[in-house]
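Scroll down for the structure; my scribbles are underneath it.
Numbering of ligands and ligand atoms starts at 1, following listing order.
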Amino acid sequence: MLVILHPNTQESSKEYKNTWDHLSGLKEIILKKHKVQGKGQNLTEIYLIGNTSKINQEEIESLPAVERVVRISHDFRILGRHSKETDSIDFEYNGIRFNQECLHIFAGLCAVDNHKNVKIMMQSLQKEGQKCTRMGAYKPRTNPYSFQGHGKSCLNYVFDLAGEHDIKVIAMEVTHESHIEEINDSLEKLRQPTGVILQIGTRNTQNFELLKAVGRQHKYPVLLKRGFGISLNESLNAAEYLASEGNNQVIFCLRGMKTSFNSPHRNMVDFAHLPIVKRLTKMPVCIDPSHSVGTREMSPDGILDVLHSTSQGIVAGANMVLVDFHPSPKEALVDGPQALHLNELGKFIDDVKISREAYKKRVSLWSK
Ligand code: PEP
Ligand code: MN
């Protein structure tokens with residue numbers, strides 16, 4: 001059972017103390033307090049853990065600090081959407097707002113290769129008015145002899161160039177707890193020229209120790225990729241690990257599933273699951289058409305498969321798009337075959353705008 005207190009309730013207030021004392025007196029129930037940053041207000045939620053079936057909901061609702069009581073209907077205690085009225089997660093990070101209504105494009109390099117390409121990428125993004133990007137420094141590779149990313153050694157120039165080009169947020173994968181420290185050290189040394197969303201890749205969706213470490217820090221939001229070969233329920237539980245450690249600034253990313261039928265796409269595009277994730281949880285949902293589709297194949301209408309899939313995710317209400325670009329895809333050290341060319345960036349953004357308009361029209365059509 002979830003007890004939501006009135007917005008901005010102070011823990012020093014009489015109302016809070018009376019409410020907490022009453023809840024603490026409930027037999028065989030453990031209380032877990034959770035702070036949530038809502039739209040311009042701070043919310044305190046108290047989870048009643050144990051057998052809550054005998055608890056009288058009205059009695060709890062009548063306590064002085066209580067706004068609302070919600071019976072929790074499934075496993076995702078913190079990130080789950082327990083009733084239709086539940087607000088989505090809504091947070092601002094380095095001036096960029098994330099929730100289930102927003103839409104941000106994170107176009108960038110799958111893997112940072114050199115200073116020159118990062119600079120060209122940042123320049124193109126700035127020219128197009130973009131504030132976010134993706135940059136891979138730590139690359140989890142199938143083959144141990146493949147390029148593993150420049151790691152710590154590229155962070156300073158990536159963050160510096162981002163700051164110079166007014167990029168506010170970079171999605172960057174971490175594969176080990178120590179990478180958080182390295183990112184943090186670099187940003188501090190450079191005096192925070194930009195911000196970072198810590199990405200957990202599909203191969204690490206169930207790396208529980210990494211999830212706990214990333215969840216324990218509250219400085220950086222998290223982008224969790226769906227596991228490519230596990231159930232949706234298992235991936236959503238992985239997201240809940242982050243929140244259960246105290247970080248609920250979590251964005252969930254659909255990136256396709258590995259099946260024996262995905263070919264000729266790299267993965268089976270799973271963007272039809274987007275409304276399901278929004279319905280089951282409060283998380284903003286990202287799509288990654290590059291790793292889903294994995295090629296630059298084009299349909300007879302002249303539109304790349306990556307663009308078609310992007311559009312399919314956007315018209316279904318995606319909140320973020322993670323997409324690979326490269327100044328010279330043929331020379332990219334990782335995932336060149338799926339990267340879009342920089343001269344396609346402007347059209348990509350225009351195409352996203354068309355699909356976003358279509359989504360808004362669809363919402364308005366069905367809300368009448
Ligand atoms: C990536 O985004 O660079 C990546 C490796 O993606 P995934 O974890 O989805 O394979
Ligand atoms: Mn990649």
Compute both the distance and the angle, then confirm whether K258 meets the cation-pi test with F228: under 6.0 Å from the six-membered ring centre, within 45 degrees of the axis.
yes
For atom 5 (C) of ligand 1, what's the nearest protein heavy atom and its distance?
E173 OE1, 3.6 Å
Out of all atoms in ligand 1, which are within 4.0 Å of some heavy atom of G201? Include the element for each.
8 (O)
Taking a cutoff of less than 4.0 Å between a non-hydrogen atom of the residue and any ligand atom, is Q199 in contact with ligand 1?
yes
Whether the side chain of T9 engages the backbone of L5 through a donor-acceptor N/O pair (distance < 3.5 Å, no angle test) should be reported.
no
Report, in ascending order of atom number, the atoms of ligand 1 lying under 4.0 Å from any heavy atom of C110.
3 (O)
Ignoring hydrogens and angles, state whether a donor on the side chain of E331 or S328 is under 3.5 Å from an acceptor on the partner side chain.
yes
For the Mn ion (ligand 2), does an N/O/S atom of D335 lie at less than 2.8 Å?
yes
Measure from NZ or CZ of K361 to the centre of the six-membered ring of W366 and say whether it is under 6.0 Å with the direction within 45° of the ring axis.
no
Which of the atoms of ligand 1 are close to R255, meaning less than 4.0 Å from one of its heavy atoms?
7 (P), 9 (O), 10 (O)
N267 and H291: side chain donor to acceptor below 3.5 Å:
no
Using 4.0 Å as the upper bound for N to carboxylate O, is an ion pair formed by E344 and K347?
no
Between N184 and Y220, do the side chains contain a donor N or O and an acceptor N or O under 3.5 Å apart?
yes
Residue and atom name of the nearest protein heavy atom (relative to atom 4 (C) of ligand 1), distance in Å to one decimal
H291 NE2, 3.5 Å
Nearest to atom 6 (O) of ligand 1, what protein heavy atom do you find, and at what distance?
K225 NZ, 2.8 Å
Give the atom numbers and elements of ligand 1 that come within less than 4.0 Å of a heavy atom of K139.
1 (C), 3 (O)
Protein heavy atom at shortest distance from atom 8 (O) of ligand 1:
T202 N, 2.8 Å
